[in-house]
Trainee: 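Just dropping this structure here.
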Number of protein chains: 2
Amino acid sequence: MPAPHPPADADPRVEALVHDLIGRVADKWTMLILEILEEKGELRFTELSRAIGTISQKMLTQTLRHMERDGLVIRTVHPVVPPKVEYRLTELGQSLGAAFCGVWIWAEQNLATVETARETFDGPLPSGG
Amino acid sequence: MPAPHPPADADPRVEALVHDLIGRVADKWTMLILEILEEKGELRFTELSRAIGTISQKMLTQTLRHMERDGLVIRTVHPVVPPKVEYRLTELGQSLGAAFCGVWIWAEQNLATVETARETFDGPLPSGG
DNA sequence: TCTCACGCTCTCCTTTTGGTGAGTACAAAT
DNA sequence: ATTTGTACTCACCAAAAGGAGAGCGTGAGA
């Protein structure tokens with residue numbers, strides 16, 4: 001069983017790798033895709049694109065490739081014309097989604113707190129000369 | 001108690017704000033600083049810099065300001081010469097650290113899996129040609 | 001007097017990120 | 001023959017991220 005926060009008792013090498021991995025998966029588009037595929041199950045390229053709404057083809061392709069490389073999604077190519085490609089999460093992808101769940105919940109619960117903090121921080125600027 | 005994955009039952013507006021907030025806090029340096037302050041308690045600027053090891057002054061200052069604005073850290077300035085400034089987590093910062101804990105654990109536990117997946121993905125490239 | 005330490009801030013530079021728009025291959029529909 | 005739809009790929013460009021190094025203010029110590 002792991003400690004409350006793992007990096008405290010890990011090797012520095014492992015820590016570095018973990019940081020690297022975190023840096024890769026804690027990406028805006030990755031998290032979005034993770035969430036959507038978790039919800040919808042299996043989607044085609046354009047369906048995914050529409051579900052996200054604002055992503056460019058380039059970023060979608062790129063992020064999906066990275067996720068595939070990291071073993072988070074499975075890409076199924078149906079050899080038909082016009083092309084049909086479907087994406088779904090692997091178990092690893094699902095487990096990452098579950099791990100991020102706590103962060104989603106935190107964000108939802110503390111949205112107002114953060115906004116208040118920002119107003120407090122930004123507000124008292126014009127303390128006129 | 002919230003649902004397994006919150007965004008499914010949230011307003012689209014809230015969802016957008018959550019995405020925005022996630023995009024801000026799911027930052028490499030933010031996560032690092034969060035973790036270190038959680039471990040060490042209260043640190044000075046240069047102590048923090050040394051603890052992270054690779055961060056530039058610019059990024060450290062910038063990230064700390066963002067975190068302060070978002071109510072994640074408290075910045076205490078001691079009016080002495082040379083200057084002394086200490087940083088520590090707020091309760092909100094600690095709760096975010098706790099939320100990210102699941103992601104750290106995931107990264108630690110699945111490091112090898114991801115590396116294997118990458119090798120499998122990268123390996124079979126030179127298939128003739 | 002000169003240097004050092006600290007916590008910045010500023011400028012300059014390179015790298016990375018991300019968007020736009022075009023092109024591709026091919027079969028079915030028009 | 002032309003258009004349509006799909007899932008890309010590529011070239012080009014703008015913006016942002018991020019690093020290196022200089023400067024600042026000032027009191028203690030050499």
Side-chain angles (χ1 to χ4, degrees), chain A residues 16 19-34 36-37 40 42-70 72-88 121-122 125, chain B residues 16 19-34 36-37 40 42-70 72-88 121-122 125 127 129:
Chain A
H19 289 172
D20 182 69
L21 185 53
I22 293 274
R24 197 172 310 269
V25 299
D27 170 71
K28 180 187 173 187
W29 298 127
T30 303
M31 291 181 70
L32 263 300
I33 291 174
L34 213 53
I36 289 170
L37 286 183
K40 305 285 181 64
E42 191 168 28
L43 290 181
R44 298 180 60 178
F45 185 84
T46 43
E47 290 170 342
L48 211 32
S49 175
R50 270 191 292 271
I52 302 175
T54 58
I55 195 170
S56 66
Q57 282 189 335
K58 179 184 171 180
M59 284 314 296
L60 183 52
T61 304
Q62 190 175 298
T63 309
L64 284 170
R65 285 292 179 285
H66 286 154
M67 292 176 77
E68 192 194 354
R69 187 170 108 97
D70 288 347
L72 300 176
V73 302
I74 289 179
R75 178 171 175 266
T76 310
V77 182
H78 302 272
V80 297
V81 166
K84 175 172 181 177
V85 181
E86 285 179 317
Y87 296 89
R88 63 188 162 88
F121 188 88
D122 295 344
L125 281 180
Chain B
H19 289 173
D20 183 71
L21 184 53
I22 293 273
R24 197 172 310 269
V25 299
D27 170 70
K28 179 185 172 187
W29 298 129
T30 303
M31 290 181 70
L32 263 300
I33 291 173
L34 213 52
I36 289 169
L37 286 183
K40 306 284 182 64
E42 190 167 30
L43 289 181
R44 299 179 62 177
F45 185 84
T46 43
E47 289 170 342
L48 211 33
S49 177
R50 270 191 291 269
I52 302 175
T54 58
I55 195 170
S56 65
Q57 282 188 338
K58 178 185 172 180
M59 284 314 296
L60 183 52
T61 305
Q62 190 175 300
T63 309
L64 284 170
R65 285 293 179 286
H66 285 335
M67 292 176 76
E68 191 194 356
R69 187 171 107 98
D70 288 347
L72 301 176
V73 302
I74 291 179
R75 178 172 175 266
T76 311
V77 181
H78 302 272
V80 296
V81 165
K84 176 173 181 175
V85 180
E86 284 179 317
Y87 295 91
R88 62 188 163 87
F121 187 88
D122 294 346
L125 279 180
S127 51

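Each chain gets a letter, A, B and so on, in the order the sequences are listed, and its residues count up from 1.
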Trainee: D/dG18 C1' sits how many Å from B/Leu60 CG, rounded?
Mentor: 13 Å
Trainee: Pull out every residue in residues 23-31 of chain B that has a heavy atom closer than 4.0 Å to any atom of DNA chain C, ordered by number, or say none.
Mentor: none
Trainee: Can you name the residues that form a salt bridge (charged side-chain N to carboxylate O under 4.0 Å, His left out) with A/Arg24, not counting sequence neighbours?
Mentor: A/Asp20
Trainee: Counting C-beta onward and ignoring hydrogens, is there a side-chain heavy-atom pair between A/Leu34 and A/Val25 closer than 4.5 Å?
Mentor: no
Trainee: Whole-Å distance between D/dA22 P and B/Lys58 NZ?
Mentor: 16 Å
Trainee: Could I get the full list of side-chain contact (heavy atoms from CB on, under 4.5 Å) partners for B/Leu32, not counting sequence neighbours?
Mentor: A/His19, B/Lys28, B/Glu35
Trainee: Can you pull every protein N or O that's under 3.5 Å from an N or O on nucleotides 5-7 of chain D?
Mentor:
unit_1 : atom_1 : unit_2  : atom_2 : d
D/dT6  : O3'    : A/Arg44 : NH2    : 3.0
D/dT6  : O3'    : A/Pro83 : O      : 2.8
D/dA7  : OP1    : A/Arg44 : NE     : 2.8
D/dA7  : OP1    : A/Arg44 : NH2    : 2.9
D/dA7  : OP1    : A/Val85 : N      : 3.4
D/dA7  : OP2    : A/Thr46 : N      : 3.3
D/dA7  : OP2    : A/Thr46 : OG1    : 2.9

Trainee: Take the protein atom CE of B/Met59 and the nucleotide atom P of D/dA16, then report the distance between them rounded to whole Å.
Mentor: 14 Å
Trainee: Mind checking what makes salt bridge (charged side-chain N to carboxylate O under 4.0 Å, His left out) contact with A/Glu47, not counting sequence neighbours?
Mentor: none
Trainee: Which pair of heavy atoms, one from A/Ala26 and one from B/Met31, lies closest together, and at what distance?
Mentor: CB-SD, 4.2 Å
Trainee: Which residues pass the side chain to side chain donor-acceptor pair (under 3.5 Å) test with A/Ser49, not counting sequence neighbours?
Mentor: none
Trainee: For chain B and DNA chain C, what are the first and last nucleotides along the strand, 5' to 3', with at least one atom under 4.0 angstrom from a heavy atom of the protein chain?
Mentor: C/dA5 to C/dT9
Trainee: I'd like to know if the side chain of B/Asp70 reaches the main chain of B/Leu72, judged simply by a donor and an acceptor atom lying under 3.5 Å from each other, with no hydrogens or angles considered.
Mentor: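 Answer holds: no.
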Trainee: With A/Arg75, which residues qualify under salt bridge (charged side-chain N to carboxylate O under 4.0 Å, His left out), at least two apart?
Mentor: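 Residues passing salt bridge (charged side-chain N to carboxylate O under 4.0 Å, His left out) with A/Arg75: none at all.
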Trainee: Let me know the distance between CD of A/Glu68 and C1' of D/dC8, rounded to the nearest Å.
Mentor: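 Whole-Å distance recorded here is 13 Å.
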Trainee: To the nearest 10°, let me know how far the axis at one end of the helix from C/dT1-D/dA30 to C/dT30-D/dA1 is tilted from the axis at the other, five pairs an end.
Mentor: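 The helix from C/dT1-D/dA30 to C/dT30-D/dA1 shows an end-to-end axis angle of 30°.
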Trainee: Between CD1 of B/Ile52 and CD1 of B/Ile36, what distance do you get to the nearest 0.5 Å?
Mentor: 4.5 Å
Trainee: Under 3.5 Å, which donor-acceptor pairs do the side chains of residues 56-69 of chain B form with other protein atoms, sequence neighbours left out?
Mentor:
unit_1  : atom_1 : unit_2   : atom_2 : d
B/Ser56 : OG     : B/Met59  : N      : 3.4
B/Thr61 : OG1    : B/Gln57  : O      : 2.9
B/Thr63 : OG1    : B/Met59  : O      : 2.6
B/Arg69 : NH1    : A/Asp122 : OD1    : 3.1
B/Arg69 : NH1    : A/Asp122 : OD2    : 2.2

Trainee: Holding to salt bridge (charged side-chain N to carboxylate O under 4.0 Å, His left out), I want the full list of residues that pass it with B/Glu86, two or more places apart in sequence or in another chain.
Mentor: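 With neighbours one apart ignored, the set is empty.
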Trainee: Rounded to the nearest 0.5 Å, what separation is found between the CG atom of A/Leu43 and the CG atom of A/Leu37?
Mentor: 5.5 Å
Trainee: Residues two or more places apart in sequence or in another chain: which of them pass side chain to side chain donor-acceptor pair (under 3.5 Å) with B/Arg44?
Mentor: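 In terms of side chain to side chain donor-acceptor pair (under 3.5 Å), with neighbours along the sequence ignored, B/Arg44 is linked to no residue.
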